[in-house]
Novice: 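Take this structure, written in structure tokens, and hold onto it; I'll ask about it next.
What you see below is based on every heavy atom in this structure, not just the backbone, and it leaves out hydrogens, waters and symmetry mates.
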Amino acid sequence: VEPGVQSRLPDSSSQLPATADGADVATAPAVNIAIASDEEAPFGLLGVVNSTLVHCATPAALRFHLIVPNARRAPLRSQLERLWPRLHVRTYSLDGGGVRA
């Protein structure tokens with residue numbers, strides 16, 4: 001981050017805001033987002049999640065469904081939980097037999 005420029009990354013230590021105007025998330029319908037990736041490095045996925053959280057009016061209403069290679073499921077979930085502890089995310093494996101929950 002350049003000097004004098006604040007990062008747009010949501011603060012991972014605080015709860016995601018319910019809505020941009022502070023309204024209760026219970027009134028906001030859930031928004032399900034499915035992303036599939038076969039990349040070893042999760043940089044693209046992390047960028048999409050971050051950008052979506054930053055630019056969404058109701059980030060607490062977001063539900064991410066990530067389809068990744070089986071070997072990436074646990075490390076990716078761990079990484080996401082460290083960055084955004086209150087993120088609603090579910091990972092699925094992408095293998096030869098199809099998608100597995």
Novice: Supply the atom-to-atom distance Ile33 CD1 to Cys56 SG, rounded to the nearest 0.5 angstrom.
Specialist: 7.0 Å
Novice: Could you grab the distance from atom CG of Leu53 to atom CH2 of Trp84, nearest 0.5 Å is fine?
Specialist: 6.0 Å
Novice: Roughly how far, to the nearest 0.5 Å, is the CG atom of Leu46 from the CG atom of Leu76?
Specialist: 6.5 Å
Novice: If we only count heavy atoms from C-beta on, is the Val68 to Leu45 side-chain gap below 4.5 Å?
Specialist: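 Sidechains of Leu45 and Val68: in contact.
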Novice: For Ile67, is there any backbone N or O sitting under 3.5 Å from a side-chain donor or acceptor partner on Arg73?
Specialist: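 It does not hold such a pair.
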Novice: Is there a donor-acceptor pair under 3.5 Å between the side chain of Thr52 and the backbone N or O of Val48?
Specialist: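 Yes, Thr52 side chain to Val48 backbone: donor-acceptor pair under 3.5 Å.
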Novice: For Arg63 and Ala61, indicate whether the former's side chain and the latter's backbone hold a donor-acceptor pair under 3.5 Å.
Specialist: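 Flag set: sc Arg63 to bb Ala61 pair under 3.5 Å.
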Novice: To check you understand the geometry: which heavy-atom pair defines the closest contact between Gln79 and Arg72, and what is its length?
Specialist: OE1-NH2, 4.2 Å
Novice: Asn32 and His65: which non-hydrogen atoms are nearest, and at how many Å?
Specialist: OD1-NE2, 2.9 Å
Novice: Using modelled atom types and a 3.5 Å cut-off, is there a donor and acceptor pairing between side-chain atoms of Ser37 and backbone atoms of Glu39?
Specialist: yes
Novice: What distance separates Leu87 CG from Arg77 CZ, expressed to the nearest 0.5 Å?
Specialist: 8.5 Å
Novice: Does Phe64 reach the side chain of Thr91, with side-chain heavy atoms less than 4.5 Å apart?
Specialist: no
